[in-house]
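Beneath this line is the structure, given in structure tokens, with notes to follow.
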Amino acid sequence: MVSKRLQEIPVSGTVNISNMVSQLKVEGVDIISFSMGEPDFSTPENIVDACVESLRGGFTHYTPSAGIPELRCAIADRASSESGIPCSPNNVLVTPTKQAIFMIALAYLDPGDEVILSDPSWVSYEACIRLAGAVPKYVPTRFEDDFIMDPANLAKAITKRTKMIILNTPSNPTGTVLPESTIKAIAELAIENDIYVMSDEIYESIVYDGAKNTSIASLPGMFSRTLTVSGLSKTYAMTGWRVGWMIAPEADILAVNKLQTHSITCCTSFTQPAAVEALRGPQDRRDEMVAEFKKRRNLALDLIAEIKGLECNVPQGAFYLFPRYDVHMRSVELAAYLLKEGHVAVTPGAAFGPSGEGFFRISYATSEDQIIEGFSRIKKCINALKGH
Ligand code: GLU
């Protein structure tokens, strides 16, 4: 029998759908997948070359558990120059981003501690909180407010047991980029109430329409209480590489690194010199990919506007849309229907928290042809459900 802890959490809603899609594809079903948040581009060649070179050069053994010094240095340079986070290499732990989130939950949360997060939120925060024995406290957000958390509602959710606030901007699943004024207000609350912030900024470079991501750790008084996580997966089309990091005060890096020494030991060795190349090498592919995502977002929004029964806000970051639907079905049922009848995979909104019911998530990090075909299938399904 598995532990009670594990029994109480579901399998990841995002990874689950993606596994189902892979299985259906193996069976020869022609599926359009809007499910997994992963760029369809190849990893830029200079990064692949750096990895092959490190493999050929025999860089295939353990590295220091916190990561190779060159990479810690490249990450610190990037975070200070692009995000204004006042950090040095000793403030960096190299680890896959999801591993960082998992370890942070284990490192900071005791049973009964409360963690505040925006509703809807990415699926694995709640699981990590629960696995640590802590309690998730969702602060609902609204479609009408572009899913921006109201700091006044956050303030109401704070109790004596609140240990941490989780921020994710740009957001998965809504694509919302939190305005600087909201982040400042949240920072004030964190300082006033002596609360940690875990800020997941994995989509930090994928922003549109002049939006700018604000790193809460860059605000006065916040570095000492912020655990920032990010990585290469989304920005450089490197999801399979599993390279990310955590940035925090040195004592926190040492604490979480203790868990790393008892779990994965270190991040994969030969990907680390390639990660240095990603951060220090030419950035033109990154910019081109973001420009392409923006075109795809606009195309998908135009196609959604043509479907009666769907409405969507215009998100300024990440590569997700979170349309609201007016069909009388739960989002899990609708996603199952779209997969079975339309052969199109989306993620049900309820997977992201109670406020996600009535929505579904589209990942538009796929080709324009796929987007056009996928929305044509969704349109047919929604029309059929609405009796048109
Ligand atoms: N973060 C991506 C998503 O939400 C990949 C899957 C996962 O890590 O949940 O689709």
Side-chain angles (χ1 to χ4, degrees), residues 9-23 25 31-41 43 95-105 117-131 136 147 166-177 198-206 213 228-246 264 267 289 293 296-297 300 315 317-323 331-332 335 338-339 344-353 355-356 359-366 370-371 374:
I9 59 159
V11 70
S12 158
T14 48
V15 178
N16 192 31
I17 302 238
S18 156
N19 288 344
M20 279 159 63
V21 168
S22 303
Q23 181 56 37
K25 282 187 174 165
I31 298 283
I32 302 279
S33 181
F34 293 144
S35 65
M36 198 67 155
E38 102 166 312
D40 63 333
F41 302 114
T43 303
T95 191
T97 318
K98 283 176 86 165
Q99 174 80 7
I101 294 166
F102 187 70
M103 292 194 298
I104 285 170
L117 66 171
S118 197
D119 177 19
S121 263
W122 174 60
V123 296
S124 294
Y125 301 133
E126 176 174 341
C128 291
I129 295 165
R130 289 196 187 283
L131 284 168
F147 304 103
I166 295 182
L167 294 186
N168 173 217
T169 176
S171 150
N172 175 3
T174 62
T176 297
V177 179
M198 181 177 80
S199 183
D200 179 353
E201 299 176 23
I202 187 80
Y203 301 96
E204 60 194 323
S205 302
I206 305 175
N213 182 50
T228 305
V229 298
S230 191
L232 301 177
S233 293
K234 317 287 180 175
T235 310
Y236 296 95
M238 292 174 69
T239 47
W241 295 60
R242 315 314 291 145
V243 189
W245 54 83
M246 163 187 171
I264 61 171
C267 208
M289 289 190 277
F293 288 140
R296 294 169 177 189
R297 177 200 66 169
F319 35 60
Y320 303 112
L321 295 176
F322 204 59
S331 58
V332 175
L338 291 174
L339 189 59
V344 54
V346 303
T347 310
F352 302 95
S355 300
F359 296 81
F360 58 86
R361 189 191 76 173
I362 294 283
S363 165
Y364 57 81
T366 187
Q370 295 273 302
I371 292 172

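Read the numbers this way: they start at 1 and go in the same order the structure lists the ligands and their atoms.
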Point to revise | From CG (Asn16) to OG (Ser18), nearest 0.5 Å | key: 9.0 Å

Review point. Looking at Tyr320, which atoms of ligand 1 are within less than 4.0 Å of one of its heavy atoms?
Key: 2 (C), 3 (C), 4 (O), 10 (O)

**Study point:** ligand 1-proximal atoms of Phe352, by part, heavy-atom distance under 4.0 Å
**Key:** neither

Check your understanding: Can you name the residues that form a side chain to side chain contact (heavy atoms under 4.5 Å, CB included) with Glu38, not counting sequence neighbours?
Key -> Met36, Thr239

Exercise for review: Apply the side-chain contact (heavy atoms from CB on, under 4.5 Å) test between Tyr203 and each candidate in Pro170, Ser171, Ser233; give the one that qualifies.
Suggested key: Pro170

Exercise for review: Examine Met36 against ligand 1 and note whether any of their N/O atoms are separated by less than 3.5 Å.
Suggested key: no

**Study point:** Flag, side chain of Ser199 to backbone of Thr228, donor-acceptor distance under 3.5 Å
**Key:** no

Review point. Under 3.5 Å, side chain of Arg297 to main-chain N/O of Tyr364, donor-acceptor pair present?
Key: no

Study note, to complete from the structure: A student comparing Arg361, Lys98, Glu38, Lys234 should find that the heavy atom closest to atom 1 (N) of ligand 1 comes from Lys234

Point to revise | Backbone or side-chain N or O of Trp122 under 3.5 Å from ligand 1 N or O | key: yes

Check your understanding: Considering only heavy atoms, which of Asn16, Thr347, Thr14 lies nearest to atom 6 (C) of ligand 1?
Key -> Thr14

Check your understanding: In chain order, what residues pass the side-chain hydrogen bond (donor to acceptor under 3.5 Å, both in side chains) check against Glu126, with sequence neighbours excluded?
Key -> Arg130, Tyr138

**Study point:** Proximal atoms of ligand 1 relative to Asn172 (non-hydrogen, under 4.0 Å)
**Key:** 1 (N), 3 (C), 4 (O)

Point to revise | Under-4.0 Å heavy-atom contact with ligand 1, by part of Thr239 that carries it | key: neither

